Amino acid sequence: MTTTRPDGRVWPWVSPGGPGQDLGLRRLPGYNQAWCLAVAIAADLLAWLRHLALDHHPQLRKATPATLRRTLLGAPARLIHHARTLIIRLDNHHPHQADLIQAWTAMDAMTDPP
C-alpha cells in the first residue's frame with residue numbers, strides 16, 4: 001500500500017510523527033492494507049469525536065490521539081446494568097469528568113430524533 005497521495009503528498013496519518021503513529025501505525029512491521037484501514041477508521045472516529053462532541057473545549061478540540069486517550073478515553077468508569085438501563089459511573093476525582101459528561105451529552109443528543 002502506498003503512503004503517498006496521487007498528487008505526491010504524504011497522507012497525514014501516515015507521516016512520521018503524525019496522528020497515525022499514535023493510533024498504532026508504528027506497531028506494524030511494514031504497511032499492511034487491513035491495518036492501515038483500521039488506523040484510518042480510528043483517525044476518522046477521533047476526528048468526528050473532536051468535531052461533534054468536543055467543540056465546547058478549545059484544547060481538547062485540537063488534541064492529539066494520545067492526549068484524547070490519556071484524558072477522556074482512559075477515564076476510570078464502571079458500566080452498570082440497573083432496571084434494564086445502562087448507567088456509566090465516572091470517577092469523581094478525574095480532572096476531565098465535566099468534559100466527558102458534556103461530550104457524552106452532546107453525543108446522546110444527536111441520537112434523539114427531532
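Treat the numbers as computed from the prediction; the structure is a model and nothing was measured. Start at 1 with the first residue, then count along the sequence.
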Hey, quick one: are I80 and I101 part of the same hydrophobic cluster, counting side-chain heavy atoms closer than 4.5 Å, chains of contacts allowed?
no

Interatomic distance, L52 atom CG to M107 atom CE [nearest 0.5 angstrom]
9.5 Å

Any side-chain heavy-atom pair from R50 and L60 closer than 4.5 angstrom?
no

Drop me the distance from K62's NZ to H57's NE2, to the nearest 0.5 angstrom.
12.5 Å

If we only count heavy atoms from C-beta on, is the H81 to L86 side-chain gap below 4.5 Å?
yes

Smallest separation among heavy atoms of A103 and H56, with atom names
N-CE1, 4.2 Å

So, taking the atom named CG in L54 and the one named CD in Q102, what distance separates them when rounded to the nearest 0.5 Å?
9.0 Å

Hey, quick one: are L100 and I87 part of the same hydrophobic cluster, counting side-chain heavy atoms closer than 4.5 Å, chains of contacts allowed?
no

Just how far is it from atom CH2 of W104 to atom CG of L72, taken to the nearest 0.5 Å?
12.5 Å

Distance check, rounded to the nearest 0.5 Å: L68 atom CG versus H96 atom NE2?
10.0 Å

Treating T71 as the side-chain partner and T67 as the backbone partner, does any N or O pair qualify as donor plus acceptor under 3.5 Å?
yes

Quick one: closest heavy-atom pair of A106 and A53, and the distance?
CB-CA, 4.2 Å

Do R61 side-chain atoms and D55 backbone N/O form a donor-acceptor pair below 3.5 Å?
yes

